[in-house]
Protein chains: 2
Amino acid sequence: MQSPGLLITISAMPSHLDLNSRSVQDYLKALYKLQQQDAPVSTNVLAERLQVAPASATAMMKKLAEAGLVEHIPYQGCRLTDSGRQQALKMVRRHRIIEQFLQQVLHYGLDEVDEEAEVLEHAVSDKLIERMWQVLGQPSHDPHGSPIPDHQGRFPEQSARPLCSFSPDQPLRIVRLKERSPAQLRYLHQLGIEPGAVVRLVDKAPFNGPIILHTPNGQHPIAWELAEAILAEPDTP
Amino acid sequence: MQSPGLLITISAMPSHLDLNSRSVQDYLKALYKLQQQDAPVSTNVLAERLQVAPASATAMMKKLAEAGLVEHIPYQGCRLTDSGRQQALKMVRRHRIIEQFLQQVLHYGLDEVDEEAEVLEHAVSDKLIERMWQVLGQPSHDPHGSPIPDHQGRFPEQSARPLCSFSPDQPLRIVRLKERSPAQLRYLHQLGIEPGAVVRLVDKAPFNGPIILHTPNGQHPIAWELAEAILAEPDTP
DNA sequence: ATTAAAATTTAGTCCAGTCTAAAAATTAGT
DNA sequence: ACTAATTTTTAGACTGGACTAAATTTTAAT
């Protein structure tokens, strides 16, 4: 029922990539988040992060490399080029403005904003993003306290440090909660740990053990690892 | 370099359709808009509306029919089933709530809301739609004056009639502008014709000729065809 | 220095949704 | 009523982005 026929594939390589496809944007954003200083990001880590098979990540890296968005060293990993980073920062800006909008205007909780923003960031026009930003009063941070890059990809000044880096007894203002899951965010909220809250470090167990934190609603032990993701600055300024 | 090999396609028909894909939703919405009373919608008209090849529309109709969303009579056309219509009305609700939100909260113009809503309606969660609707005060109409169906797909009462169906001299309130292009909407805006505006029919040329309309900012001739798309009701109630 | 394990890439499929070209059915024109 | 024009459907191919299985390279362990 099917004449087999001879298949001659010319396979001319160009394959022009849609710069604005959802998955391209997701790969770039993931690379941006995974890339510490200039160590290349491993294919497996990237694939894991995006919940795709490693082979899929490899395929996409080849396309992104061809488009000049990443530098791909086979078997070593890959890093963003300037142009790729620029593109990624644009997505970070969109994401954070949307999160701020969802919280301020639509009364979303801190634990709800990310999921919705993850989808919307790909759907919203540049115009709409800028309108949101205006309506919000040109905010410089999102509801987690993460900075919103400007159009050139520059971030506002950041003097905050991880909670676990302070010494006890100083009053501290929580500035930012980095990349935590909705469940963790709900937990922290319940403990009174949110951007803007003023707390006091009561004690630090040795060997990176838990720290004891005095918050507006009680005294709570916090795992070292979690405390690394909570940025604060001395209260008063 | 390529062993041809024997290809035996079993081709079991099920092919389960993603009910929530963007294109499925677009097809259903288009069918809903094109379907006058119960005349089936022609494949070509549908394809034209969605800017795809007729063959693509046929292919999609087969899938939608299999999923029970439309009834497809080959070579005759196709019409929505109750379940398909329900689905389409859900999209209409989303679209109109988004339009209202864009106008009220983000200060979009009447001529700008549709394009943005067209994309957003596929990206926004049910939760976000309902939040928007709450923040807006549970509106029953969008900025064009088109009614917003409720969760059961029911529309609010509609007593308005086309402008051209009234007789001269009665004061009328514009209630709705149906399905016009951005350019037409800008033109009407400039003439002072917008939902809520109070106008007076000055004269109607015979044989469906232009009508003369007195608006807040002058006296203007309007083509019959355009006047059919402008719904109004007697002013005062 | 080998070998085993882990990471990465290649090769080949699949799927949704589109397309074009050709075949079939319907509608219209005389 | 029959041919011509139009509409619709079939057949077959392509693209982006995913997958699995197998091959290859790198890293780690003896």
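Bear in mind the structure is a predicted one, so any value in this text is a computation, not a measurement. Letters go in sequence order (proteins before strands), and every chain restarts at 1.
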**Prompt:** Who pairs with A:Asp82 by salt bridge (charged side-chain N to carboxylate O under 4.0 Å, His left out), at least two apart in sequence or on another chain?
**Reply:** A:Arg85
**Prompt:** For B:Arg22 and C:dT18, what is the distance between atoms CZ and C1' respectively, to the nearest whole Å?
**Reply:** 14 Å
**Asked** Sequence neighbours excluded, which residues qualify as side chain to side chain donor-acceptor pair (under 3.5 Å) partners of A:Gln76?
**Response** none
Compile the donor-acceptor pairs under 3.5 Å between side chains in residues 222-230 of chain A and protein atoms, sequence neighbours left out, one pair per line.
none

**Prompt:** For DNA chain D, what residues of residues 52-60 of chain B have any heavy atom nearer than 4.0 Å?
**Reply:** B:Pro54, B:Ala55, B:Thr58
**Prompt:** Got a sec, which pairs hit salt bridge (Lys or Arg N to Asp or Glu O under 4.0 Å) with one end in residues 39-49 of chain B, sequence neighbours left out?
**Reply:** none
**Message:** Looking at B:Ser23, I'd like to know whether one of its side-chain N or O atoms comes within less than 4.0 Å of OP1 or OP2 on C:dA16.
**Reply:** no
**Prompt:** Is any side-chain N or O of B:Ser21 closer than 4.0 Å to OP1 or OP2 of C:dG17?
**Reply:** yes
**Prompt:** Please give, in whole Å, the distance from C:dA16 P to B:Tyr27 OH?
**Reply:** 14 Å
**Asked** For D:dT8, does either OP1 or OP2 sit under 4.0 Å from a side-chain N or O belonging to B:His72?
**Response** no
**Request:** Whole angstrom is fine here: how far is it from CG in A:Leu64 over to P in D:dG16?
**Result:** 13 Å
**Item:** Pair listing, salt bridge (Lys or Arg N to Asp or Glu O under 4.0 Å) test, anchored in residues 67-79 of chain B, at least two apart
**Value:** B:Glu71-B:Arg79
**Message:** If I take atom CG from residue B:Leu69 and atom CE from residue B:Met60, how far apart are they, to the nearest 0.5 angstrom?
**Reply:** 10.5 Å
Could you give the side-chain donor-acceptor pairs of residues 99-111 of chain A under 3.5 Å, partners two or more places apart or in another chain?
unit_1, atom_1, unit_2, atom_2, d
A:Glu99, OE1, A:His144, ND1, 3.1
A:Glu99, OE2, A:His95, NE2, 2.9
A:Tyr108, OH, A:Glu116, OE1, 2.9
A:Tyr108, OH, B:Leu128, N, 3.4
A:Asp111, OD2, A:Arg186, NH1, 2.8

**Prompt:** In residues 32-51 of chain B, which residues come under 4.0 Å of DNA chain C by heavy atom?
**Reply:** none
**Asked** Does A:Glu194 have any salt bridge (charged side-chain N to carboxylate O under 4.0 Å, His left out) partners at least two apart in sequence or in another chain, and if so, which?
**Response** none
**Message:** Using whole Å, what does the distance between atom P of nucleotide C:dC15 and atom CG of B:Leu19 come to?
**Reply:** 19 Å
Between the protein and nucleotides 22-29 of chain C, which nitrogen or oxygen pairs are less than 3.5 angstrom apart?
none

**Request:** Please state how far atom CG in A:Asn20 lies from atom P in D:dG16, giving the value in whole angstrom units.
**Result:** 14 Å
**Sequence-distant partners of A:Ala57, side chain to side chain contact (heavy atoms under 4.5 Å, CB included), two or more places apart** = A:Tyr27, A:Thr43, A:Leu46, A:Ala47
**Complete:** Here the distance between atom P of D:dT8 and atom CD1 of B:Ile73, to the nearest Å, is 12 Å
**Fill in**
For A:Glu118, the salt bridge (charged side-chain N to carboxylate O under 4.0 Å, His left out) test, sequence neighbours excluded, returns A:Lys29
**Message:** Could you tell me if the side chain of B:Leu34 sits less than 4.5 Å from the side chain of B:Val45, heavy atoms only?
**Reply:** yes
**Asked** Quick one: B:Met61 CE to C:dG17 P, roughly how many Å, whole number?
**Response** 11 Å
**Asked** C:dG17 C1' sits how many Å from B:Asp18 CG, rounded?
**Response** 12 Å
